[in-house]
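Structure first, then comments.
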Amino acid sequence: MKKVLLRQNQQSDKWAALGFLTPNFIGFLIFTSLPVLATLLLSLTEWDPVANPLSKIQFVGLANFSLLLGFTHTTHGWVANDPNFWQFTWNTLFFMLAIPVSMALALLLAIGLNQKLRGIAFFRAAFYLPSVAAGVGTMILWIWILNPQYGLINTILHSMSINGPNWLQDYYWAKPGLMLMMVSASMGGTGMIIYLAALQDVPQALYEAARIDGAGHWDQFITVTWPALKPATFFIFTMSIIEGFQGGFDMAYVMTNGGPDGATSTLSYYTWSEAFQYFHMGYAAAIAVVMFLIIAIITGIVWRYGGDAVKAV
Amino acid sequence: MIGIYIKARCLIWLCTTFIVLCICSGCSRQGTTAYTTEITYAFPSAATRDPVIKAALDEFTRTHPTIKVTPLPIAGDYYSKLMVMIAGNTAPDVMWMGQSFGEFAQRNAFLDISKEMQAEADSQKYFSRVIDWYRFDEKLYGFPYGIDCLLTFYNKDIFRKADVPFPQNDWNLDQYLSIAQRLQHSAVAKNIPGFYAVGGEGVFAGVFDGHILSQDLSHSTVNSPQYIKSVQFNEDLKNKYQVSPGLASGVVDKNQAFRLGTVAMVTGATWDIPILQRDAKDIDWDVVLPPRGVKRAIWGSSSGICVFSRTAHPKQSIELLKYLVSPKMQLKICRLSGCIPTNRQVAQQWAEDIKTPEHIENFIKAIPYLEPSPRAVALSEIKSKMQRATERVMMGRATAEDAMNNAAEQIDRVIKRQNRLLGKEE
C-alpha cells in the first residue's frame, strides 16, 4: 500500500516538475534553440534580406567557412582569405587579458567590503552602482575621460609632465584605453558580489584554527580564503571567458566604430557589421557559428581542467 | 466608520472620473480622426532638422485631412537602420534619401515615380544633374529638395591676425598649402595653439581626378596614381607640413574646433551653416570654393525623398513626396536645416535671405562642379574599406600606395561578392 502511495506521489511530482519546466523549455526552444539551428542553416547560404525574399536564398555549402577560415597561397606566401577575421579574433583575445585584472580587483574589493565596518552597506551599494548604470552612458563618460585634450586621464598625466596618448584614435592605445574602461566597469559588478557571498560562506572556525597555528593575514588568505573561493573563481572565470568572446560589440559601436584601422573590432562587432551593415547574412551566420564553436571548445577545456581543480578542494 | 465612508466616496469619484474621461476620449476620437490613411516618413534625426520636418508634416496633415503622417526621426546610422527596417518588413512609406541612394535602389527598395514627377524632372527650373542622381536604369526613384556640398569655411579673424589675405574662389592647391603654412607659422610665432587647416579624408580626391570606382562601378580605382596622390597630399598636410591636425594634436571634432575659433580653415558642409549661425555668433567667418587641382571638383550629395516600393499607400506617399519637394517647402526646410534648394529660383531666394556667411552664393556656384559618391550597391562597405585604408596611412602604418593597392583589392572583392548576391554576376 505504502509502495503504491509512494509511486503515486512520485508520479504527481513528475507531472508537477514537467509543468514547471514546460514554459521555460518552450521559451528556450523558440528563442534559443531554433535561432541557433537557423544560424547553422544560414551559415551554409548567401542571402541579402533587403534585396531578396527568403525564397531566393542561395545554398553555398561550406563556402562561407572556407572564406572565413581558409588561406590562399600567393606570391607573398600563405595569405588569409579574410584577414579581418584573424585580426578581430586577436583583438577579442587581447581584450580578454582584462579578465584576470578585473577578477583580482573584484576580489580585493570584496575582501574590503567584507569587513565589519560602520556604513559598509553604503560602500557595497556604491561599488555595485556602476554595474546598474546603463552601459552606453558609462561608455560616453569614458569617451570624455579618454579625450586626449580635455580628458581626466591625460589631464592627470599632464600634471605629471607626461604627454598622454590619443587614446581612442591611436592604433596601439585604443585597446588599452577600452580595457581600462572594461576593468573599471566590471570590477565592482557581479564578480565582486559573487566573491562577497563566497567570502561570507567561509567558516570562521577555519580562520580561528589558522590564527591558533600562528598564521598571519597573508597565510590565512593563502591557506583558508583562496581555497574556499576556488568554486567562485572558477564560475566567474568561466562566465567571463564566455562573455569575453561574445562581448566588445557595444563599446566598439559606441566608442570607436571598431577603429582605428580595426584595432577595437571584436568578433561580435564583426558579426553585427556583416549582418546589419552589409547584409551578408550567410557570412555573418558563419562567423557566429565559428564563435560558438570556439566558446564551446574553450569552455570545455576550462570545465575539464578547472572543474577538476575545484572538485579537489 | 468615517474612514470607510471616505474610501467609498473616493472610489465613487475615481470611477465617475474614469467613465467621464473614457466617454470624452471616445468622443474626441470620433470627432477628429477622420483619417483614411496613415503613412510614416523616416528621416535622419538632427537638432536643426527635426522641428522643421515635424512642422512641415503637421502642415501637410492640415492641408490633407485624410492622410495622417507619422514622423520617424532616426538617430545614429540612418542608412543601416533603414535597411534593417526594410529587411524586417517594417519600412516607412516615405523616406529621406541621400548619398546611399544606389544601395537602396539596386535592392529594389523604391517606387518608380518617373511618371508622377516627369514635369518637374524635365523642367529647367531645377538643377537637373542633381535630379539625375535619383535615376537608376533610366527610371526616377526619388526627387531631391536640397543639395549638400563641402566648401572651405574660414575664420576671417584668424586670417586678419595672421595678416594673410582671404582665400579667393580661383585659388589652387599650392595656394591652399601656402596659406595654411603662413597661418601655421603665425600661430607658432605667436604661441597660439591651433590655426589648422582641416581637410578631411577623400575631400581632395576629385581635384586630383581620383575616383573610388570606375564609371561603370565594375571595379575600384583607388590604386590609380591620381587617387594615391590625393591621399598622399592629405597625409602630407598632417604629417609633412603639419598644417592640418594629425593624430598627436588630439583635435577630434573639427567643427567644434572651428566654432571655438582654434581652426582657421575647415572643410564644412551645407548642413553646418545653421549650426554655425547658432553657435558661432562671435566668429567672423565666410565660405570659399575649395581649391582647384588638376580640375575643379567638389564633393556633393543631396537630400531627397523616395517612396518605399512595397508601400500599401503609394498614392498618398507620392502626395507627401510632392509636398516635401515643393518650392515652398524647399525654402523652409533648406533655410533651417542647411541645404541648397534644388529649384533654381528658390535657391536664389535662399541665398538672398541668408546674411551669414557673406558669400553664401558660393554654394550655388559650386553646383556645376559637384561629384557625388558612387551609386554603388555596396557603398557603405566600400567606404569602410576606404576609411581603414586612409587611417592606416594617417597612422604611418602603410604608405599611401600600399594602403590603396590593398583597399582596391578588397573593394573589388566586395563588388564581386555583391554582384553575385544580386545575381548580376557575369
Side-chain angles (χ1 to χ4, degrees), chain A residues 45-54 56-58 60 63-64 67 74 79 81-84 87 136 143-144 146-151 154 158 163-174 253-254 256-263 265 272-283, chain B residues 76-77 79-89 91 103-109 193 245-253 256-257 260 262 310 377-385 387-398 403 406 409-410 413-414 417-418 420-424:
Chain A
T45 66
E46 252 188 3
W47 180 43
D48 181 331
V50 184
N52 298 318
L54 196 57
K56 283 197 176 174
I57 202 164
Q58 297 168 38
V60 292
N64 287 328
L67 181 61
T74 66
V79 177
N81 290 344
D82 182 0
N84 284 339
Q87 187 194 354
V136 173
I143 291 176
W144 281 106
L146 296 170
N147 183 294
Q149 272 190 316
Y150 314 107
N154 277 12
H158 189 70
N163 268 338
N166 192 352
W167 291 97
L168 299 179
Q169 310 232 323
D170 185 290
Y171 185 80
Y172 298 102
W173 283 103
Y253 184 80
V254 175
T256 59
N257 274 329
D261 191 15
S265 290
W272 170 80
S273 61
E274 284 294 314
F276 298 112
Q277 274 196 306
Y278 314 137
F279 296 92
H280 303 144
M281 284 298 168
Y283 197 65
Chain B
D77 189 351
Y79 295 119
S80 291
K81 288 177 183 175
L82 208 55
M83 284 274 189
V84 173
M85 290 173 86
I86 293 172
N89 268 332
E103 291 191 86
F104 290 81
Q106 294 193 55
R107 287 181 163 104
N108 306 316
L247 285 171
S249 71
V251 173
V252 178
D253 185 340
Q256 192 187 27
L260 291 170
T262 57
R310 299 194 291 276
V377 68
L379 182 67
S380 55
E381 196 173 0
I382 290 168
K383 277 169 75 181
S384 89
K385 303 280 181 214
Q387 192 189 335
R388 279 194 66 178
T390 44
E391 277 175 358
R392 221 169 290 155
V393 179
M394 295 308 149
M395 287 185 293
R397 287 172 48 79
N406 187 267
E409 262 176 46
Q410 290 189 35
R413 240 178 283 158
V414 168
R417 187 185 193 182
Q418 203 60 48
R420 196 174 60 232
L421 268 171
L422 297 182
K424 286 182 178 176

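A, B, ... follow the sequence lines: proteins, then strands. Residue 1 opens every chain.
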Exercise. Can you list the steps and then say if A/Glu274 with B/Glu381 is a side-chain contact (heavy atoms from CB on, under 4.5 Å)?
Worked result: CA-CA 9 Å; A/Glu274 284 294 314; B/Glu381 196 173 0; 4.3 Å; yes
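- Although no hydrogens or angles enter the test, the distance criterion places a donor-acceptor pair under 3.5 Å between the side chain of B/Arg388 and the main chain of A/Asp261.
- Taking the ring centre of A/Tyr283 as origin, the terminal cationic atom of B/Arg417 falls inside the region bounded by 6.0 Å and 45° from the ring axis.
- Within the 4.5 Å cutoff, the side chain of A/His280 has heavy atoms near those of the B/Gln418 side chain.
- A distance of 9.0 Å separates CZ in A/Phe279 from CD in B/Glu103, rounded to the nearest 0.5 Å.
- A/Tyr253 pairs by the ring pair (Phe, Tyr, Trp, His ring centres under 6.0 Å) definition with A/Phe249, A/Trp272, not counting sequence neighbours.
- Looking at residues two or more places apart in sequence or on another chain, you find a ring pair (Phe, Tyr, Trp, His ring centres under 6.0 Å) between A/Trp173 and A/Trp167.
- Only the side chain of A/Gln58 comes within contact range of chain B, with at least one heavy atom under 4.5 Å from a heavy atom of that chain.
- In this structure, the separation between OG on B/Ser80 and CD on A/Gln277 is 4.5 Å, given to the nearest 0.5 Å.
- In this structure, no portion of A/Asp82 lies under 4.5 Å from any heavy atom of chain B.
- Of the atoms belonging to A/Asp48, heavy atoms from both backbone and side chain fall under 4.5 Å from chain B.
- Per-residue heavy-atom pair counts under 4.5 Å with chain A were compared for B/Arg397, B/Gln410, B/Met83, and the maximum is reached by B/Arg397.
- In this structure, chain B has no heavy atom under 4.5 Å from any part of A/Leu54.
- A distance of 9.5 Å separates CG of A/Asn52 from CZ of B/Arg107, quoted to the nearest 0.5 Å.
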